[in-house]
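Structure, as structure tokens:
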Amino acid sequence: MPELPEVEVSCLGIRPHLQGQLLQRVVVRQRQLRWPVPDEVMALKDEPIQAVSRRAKYLLIELADGCVLLHLGMSGHVKVLPRDTPAGKHDHVDFVLGSGQLLRLNDTRRFGAVLWQGAGEAHVLLSQLGPEPLTEAFNTELLWQQCQKRSSAIKLVLMDNKVVVGVGNIYANEALFKAGILPSRPAKSLSVDDCERLVQEVKHTLAQAIAQGGTTLRDFSQSDGKPGYFKQELLVYGRGGLPCMRCGAQLEEIRLGQRSTVFCQSCQR
DNA sequence: ATATCCACCTGGCGGC
DNA sequence: TGCCGCCAGGTGGATA
């Protein structure tokens, strides 16, 4: 479920419920996520929440002495619920708020994580990350320079979070299709023009998905806001073997870096 | 440094 | 129905 747009929409959704509230305590039912939930987080007591933000696919809950980092992995999601809501399967962690509500992390596959970053420190997992895709820091020049250094397929470069964060498998497929670039093209072979189109389509696709998610996933305090998502907008992802929406040719499906990759032989070069 | 592959975990689906 | 293999939105880490 979570690519960058879902994380951003989650961030926007939970922020009004968390910001300015007291984080009274943290209830951990399953400590073993991708890494064990750190002691510092387990021990939190009556900490005012100063802000809620996002970096890459991490949600940041900012406190006075540091920051709780949440990563949703492949199957995680967060919800704001009344405090007395019974916990169900895979409801691993609750952040109990002074408002009478709680923020609940549910993660079936447990690839997600809860981490701690002390005030003034940069968590090692965050310190190596590339620019945010929706900022000016991610631009044609940067992508082109990164591509010059790489012999691997452009799709892999696009999904490398040292190059740019937040471009997962769905949106890599989509953006490459819209930019008319074959996913398997060696990154080195991209022209400045190719990079310009690609940067533009990455930004456009992510922004559009956020806008859609924002309309379907508005209320995080309800039991479920499971989105109609962005699914109806997908042009290639999940459509291998089906006709290209643009030219009608049969879409190809291959594996690239062990990830499913779909493209149109005639629309992408 | 870079590229490749594996691992982590649960559940849903198609095929037999 | 039941069992089996395969696949899934991520990404750190081991290995060559």
Side-chain angles (χ1 to χ4, degrees), chain A residues 1-11 29-38 54-59 69-78 88-93 105-115 117 122-130 133 145-176 183-188 202 205-206 208-210 212-213 216-217 225-241 253-262:
Chain A
M1 150 177 200
E3 286 216 31
L4 183 137
E6 289 74 27
V7 180
E8 176 66 13
V9 168
S10 297
C11 182
R29 294 181 202 83
Q30 168 59 274
R31 193 172 185 180
Q32 213 53 50
L33 303 180
R34 180 158 192 191
W35 295 280
V37 177
R54 178 190 61 75
R55 169 73 174 119
K57 292 175 186 165
Y58 293 89
L59 290 168
L69 309 180
L70 300 183
H71 196 288
L72 303 178
M74 292 273 263
S75 57
H77 58 98
V78 286
K89 213 174 183 188
H90 310 306
D91 285 338
H92 303 313
V93 181
L105 172 68
N106 178 288
D107 184 3
T108 308
R109 296 176 70 183
R110 286 192 271 132
F111 289 174
V114 177
L115 303 168
Q117 173 179 267
H123 196 285
V124 61
L125 295 181
L126 298 196
S127 63
Q128 312 284 335
L129 295 174
Q145 283 185 4
Q146 292 290 331
C147 284
Q148 293 304 101
K149 306 193 292 196
R150 307 284 216 105
S151 54
S152 56
I154 180 59
K155 178 164 180 261
L156 299 181
V157 173
L158 203 53
M159 292 178 69
D160 181 343
N161 64 20
K162 289 192 287 299
V163 175
V164 58
V165 300
V167 184
N169 197 34
I170 293 179
Y171 297 105
N173 278 298
E174 295 299 308
L176 285 161
S184 55
R185 279 258 306 270
K188 271 189 179 135
V202 165
T205 309
L206 292 174
Q208 194 187 352
I210 290 169
Q212 305 250 334
T216 56
L217 256 184
K226 259 292 166 62
Y229 194 38
F230 179 68
K231 206 139 202 171
Q232 54 280 32
E233 311 286 332
L234 298 178
L235 301 174
V236 287
Y237 181 80
R239 300 195 64 250
E253 179 155 10
I254 61 170
R255 321 247 350 140
L256 224 42
Q258 295 111 248
R259 310 303 298 278
S260 153
T261 304
V262 185

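Reminder, nothing fancy here: chain letters follow the sequence lines and each chain counts from 1.
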- Task: Check every strand shown and say whether Asn161(A) touches a base, only sugar-phosphate, or nothing at a heavy-atom separation below 4.0 Å.
- Result: sugar-phosphate
- Message: Holding to side-chain hydrogen bond (donor to acceptor under 3.5 Å, both in side chains), I want the full list of residues that pass it with Glu8(A), two or more places apart in sequence or in another chain.
- Response: Arg54(A)
- Query: Sequence neighbours excluded, which residues qualify as side chain to side chain contact (heavy atoms under 4.5 Å, CB included) partners of Gln32(A)?
  - Reply: Gln30(A), Pro36(A), Arg110(A)
- Task: Only counting residues at least two apart or in another chain, list the ones meeting side-chain hydrogen bond (donor to acceptor under 3.5 Å, both in side chains) with Arg29(A).
- Result: Asp94(A)
- Note on the structure: Stem ranges of DNA chain C by first residue number, counting only runs of at least 3 Watson-Crick or G-U pairs under 3.5 Å, come to B:2-8 with C:10-16, B:10-16 with C:2-8
- Item | Selection from dG9(C), dG10(C), dA8(C) that lies nearest to any side-chain heavy atom of Met159(A) | dG10(C)
Can you give me the N/O atom pairs linking the protein to nucleotides 10-14 of chain B at distances under 3.5 Å, or say none if there are none?
from	atom 1	to	atom 2	distance (Å)
dT10(B)	OP1	Arg110(A)	NH2	2.8
dT10(B)	O3'	His90(A)	NE2	3.3
dG11(B)	OP1	Lys89(A)	NZ	3.0
dG11(B)	OP1	His90(A)	NE2	3.0

- Could you check whether Arg259(A) gets within reach of a base, just the sugar-phosphate, or nothing at all, counting any heavy atom under 4.0 Å? base
- Pairs involving residues 151-161 of chain A, ordered by first then second residue, that meet side-chain hydrogen bond (donor to acceptor under 3.5 Å, both in side chains) (sequence neighbours left out): Arg150(A)-Asp160(A), Lys155(A)-Asn169(A), Lys155(A)-Thr261(A)
- Those residues that, when tested against Pro38(A), pass side chain to side chain contact (heavy atoms under 4.5 Å, CB included) (two or more places apart): Glu40(A), Val41(A), Trp116(A)
- For Val164(A), the side chain to side chain contact (heavy atoms under 4.5 Å, CB included) test, sequence neighbours excluded, returns Pro133(A), Phe138(A), Val167(A)
Under 3.5 Å, which protein N or O atoms sit close to an N or O of nucleotides 14-16 of chain C? Give each pair with its distance.
none

- Task: Would you indicate which nucleotide in dA3(B), dC7(C), dG10(C) comes nearest to any side-chain atom of Met74(A)?
- Result: dG10(C)
- Nearest to the side chain of Leu125(A), which nucleotide is it out of dG10(C), dA3(B), dG12(C)? dG12(C)
- Note on the structure: Residue set satisfying salt bridge (charged side-chain N to carboxylate O under 4.0 Å, His left out) with Arg109(A), at least two apart, ordered chain then number -> none
- Item | Proximity to the side chain of Gln258(A) - top-ranked nucleotide from dC5(B), dT11(C), dG9(C) | dC5(B)
- Residue list, side chain to side chain contact (heavy atoms under 4.5 Å, CB included) with Gln208(A), at least two apart or on another chain: Lys178(A), His204(A), Gln212(A), Phe230(A), Glu233(A)
- What residues, two or more places apart in sequence or in another chain, satisfy side-chain hydrogen bond (donor to acceptor under 3.5 Å, both in side chains) together with Ser260(A)? Glu253(A)
